[in-house]
K.L.:
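This is the structure I want to talk about, given as structure tokens.
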Amino acid sequence: MKWPAIGYLRASSLDDIWRARAEHGDAAQLLAGGQTLLATLAFRLSEPKVLVDITRVAALRGVRVEGGVLRIGSLTRHAELGRDPLVAQHAPLLARAVPLIAHPAIRNRGTIGGSLAYADPAAELPACVVALGARIVALSPQGERRIAAEDFFTGLLSTALTAEEVIAAVEVPLATPASRSVILEVARRSGDYAMAGLAACIGMEGARATSARLVFFGVGSGPVLAARAGAALAGRTLDAAAIAAAQAALNEDLDPPGDMHGPPEMKRHLARVLLQRAIATTHPATEAAA
Ligand SMILES: Cc1cc2nc3c(=O)[nH]c(=O)nc-3n(C[C@H](O)[C@H](O)[C@H](O)COP(=O)(O)OP(=O)(O)OC[C@H]3O[C@@H](n4cnc5c(N)ncnc54)[C@H](O)[C@@H]3O)c2cc1C
């Protein structure tokens, strides 16, 4: 389908963004990688009057360690995340997520800020930032505020960003030698959005888990932090009994809707399988759960 007639502004600075929004209000929409937005325009799912291209705004770029966290600029493209040495060292979960996102052409344009702002419930990066306990840095003419990732996603395709704010960056706690992370998903074809997926960060002390943040995607209206299942693993050796307890706890953590892939019970089954696989991947010696 063709795009509707639409205005285009290229912002070179944050001030350009604030000016465009002051002039056009809700009719102005930010354009980052365009990989979601342009499709929604073609299908008339969104109808902005002006696109404000933010890809030249230097303040939204860059990956660096600063103040004890890894700060990833919102314009960082998926492909850049996948090859950045700082990301590989300090937030390897994000690097592992990249090959699961769509196809190379989309990964070369799509940005982490666009993915978090769009908040697709089956997307990988929203689940990863919740699993990592990251913070989203939101910027407006009034200044900066930081939002815990688990509070950022507020429902289907919705976030805690206000109409005045842009995502400036994501701040990720630095990985430690005791932390292990994994992302796994089940999709019909390589590159498709997941039918169900799991991003997990597990803290270890010897053979014992000290903490487990298990975040499922494709099974709810946004990333779902499975707090009870995580608690069932914390403080325990990750043996078959611990895995079975965590799988049982998923019944309370997850309330998946049926969708084009299948009914809720199928999603629950996939979540249990993903949990078992995640533990087996991070702890290869683990006895398989029944
Ligand atoms: C065929 C196809 C398959 C895909 N498969 C997957 C997949 O498997 N997994 C996955 O996770 N994603 C997938 N995607 C989506 C892809 O990852 C997108 O790149 C991403 O979701 C949006 O990023 P973007 O930079 O392209 O954002 P855009 O499309 O430019 O913008 C998306 C939305 O975010 C807003 N926005 C953008 N940047 C900011 C910002 N800094 N602050 C505030 N708002 C902002 C825009 O105004 C718009 O509303 C797929 C896309 C396509 C076309």
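Atoms within each ligand, like the ligands themselves, are counted from 1 in listed order.
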K.L.:
Using a 3.5 Å cut-off on N or O atoms only, is Ile167 in polar contact with ligand 1?
P.N.:
yes

K.L.:
Are the charged groups of Glu144 and Arg146 less than 4.0 angstrom apart, N to O?
P.N.:
yes

K.L.:
Other residues, nucleotides and ligands only: do more than 12 of their heavy atoms fall within 6.0 Å of CD on Gln142?
P.N.:
yes

K.L.:
Among all protein heavy atoms, pick the one closest to atom 26 (O) of ligand 1 and tell me residue, atom and distance.
P.N.:
Gln35 N, 2.8 Å

K.L.:
Whether Arg272 and Glu265 form a salt bridge (side-chain N of Lys/Arg under 4.0 Å from carboxylate O of Asp/Glu) is what I want to check.
P.N.:
yes

K.L.:
Among all protein heavy atoms, pick the one closest to atom 44 (N) of ligand 1 and tell me residue, atom and distance.
P.N.:
Ala117 CB, 3.4 Å

K.L.:
Should the heavy atoms of other residues, nucleotides or ligands under 6.0 Å from CZ of Arg208 be counted, would the total exceed 12?
P.N.:
yes

K.L.:
Identify which of Leu75, Ile17, Leu30, Thr111 has a heavy atom lying nearest to atom 25 (O) of ligand 1.
P.N.:
Thr111

K.L.:
Atom 9 (N) of ligand 1: which protein heavy atom is closest, and how many Å away?
P.N.:
Glu124 OE1, 2.7 Å

K.L.:
In the protein, which heavy atom is nearest to atom 49 (O) of ligand 1, and how far is it?
P.N.:
Gln29 NE2, 2.9 Å

K.L.:
Honestly curious: do Ile112 and Phe152 fall in one hydrophobic cluster under the side-chain, below-4.5 Å linking rule?
P.N.:
yes

K.L.:
Would Val130 and Leu81 show up in the same hydrophobic cluster when neighbours are defined by side-chain heavy atoms closer than 4.5 Å?
P.N.:
yes

K.L.:
Could you list which atoms of ligand 1 come closer than 4.0 Å to a heavy atom of Ser74?
P.N.:
41 (N)

K.L.:
Looking only at side chains, do Thr55 and Asp53 share a donor and an acceptor under 3.5 Å apart?
P.N.:
yes

K.L.:
Which heavy atom of the protein is the closest neighbour of atom 1 (C) of ligand 1, given with residue, atom name and distance?
P.N.:
Ile106 CD1, 3.4 Å

K.L.:
Using a 3.5 Å cut-off on N or O atoms only, is Gly34 in polar contact with ligand 1?
P.N.:
yes

K.L.:
Distance to 0.1 Å, residue and atom name: give those for the protein heavy atom nearest to atom 19 (O) of ligand 1.
P.N.:
Gly110 CA, 3.1 Å

K.L.:
For atom 18 (C) of ligand 1, find the nearest protein heavy atom and state the residue, atom name and distance (0.1 Å precision).
P.N.:
Thr36 OG1, 3.5 Å

K.L.:
Can you tell me which residue and heavy atom of the protein come closest to atom 50 (C) of ligand 1, and the distance to 0.1 Å?
P.N.:
Tyr193 OH, 3.6 Å

K.L.:
Within ligand 1, which atoms have a heavy atom of Gly191 less than 4.0 Å away?
P.N.:
8 (O)

K.L.:
Should Ile147 and Val170 be counted in the same cluster of Ile, Leu, Val, Met, Phe, Trp and Tyr side chains packed under 4.5 Å apart?
P.N.:
yes

K.L.:
Among Ala102, Gly114, Ala187, Gly197, whose heavy atom sits nearest atom 4 (C) of ligand 1?
P.N.:
Ala102

K.L.:
Begin from the C-alpha positions of Leu198 and Leu214 and carry the test side chain to side chain contact (heavy atoms under 4.5 Å, CB included) through to its verdict.
P.N.:
CA-CA 7 Å; Leu198 168 61; Leu214 309 171; 4.0 Å; yes

K.L.:
I want to know if ligand 1 touches Arg109 in the polar sense, i.e. an N/O pair below 3.5 angstrom.
P.N.:
no

K.L.:
Could you check whether any heavy atom of Asp192 sits closer than 4.0 Å to an atom of ligand 1, since that is the contact criterion I want to use?
P.N.:
yes

K.L.:
Looking at non-hydrogen atoms alone, which of His78, His103, Arg77 comes nearest to atom 17 (O) of ligand 1?
P.N.:
His78

K.L.:
Looking at ligand 1, would Ala194 count as a contact under a 4.0 Å heavy-atom criterion?
P.N.:
no

K.L.:
Between the candidates Gly33, Ala169, Ala32, Ala138, which shows the shortest non-hydrogen contact distance to atom 38 (N) of ligand 1?
P.N.:
Ala32

K.L.:
Are Val129 and Val219 joined in one hydrophobic group, where the rule is that I, L, V, M, F, W and Y side chains link up if heavy atoms are under 4.5 Å apart?
P.N.:
no

K.L.:
Could you tell me whether Asp26 and Arg21 make a salt bridge, using a distance below 4.0 angstrom between a side-chain N and a carboxylate O?
P.N.:
no

K.L.:
Hey, which atoms in ligand 1 end up nearer than 4.0 Å to a heavy atom of Leu161?
P.N.:
43 (C)

K.L.:
Could you go through Arg96 and Ser181, starting from their C-alpha distance and side-chain angles, then the distance that decides it, and tell me whether this counts as side-chain hydrogen bond (donor to acceptor under 3.5 Å, both in side chains)?
P.N.:
CA-CA 9 Å; Arg96 287 181 193 127; Ser181 62; 2.8 Å; yes

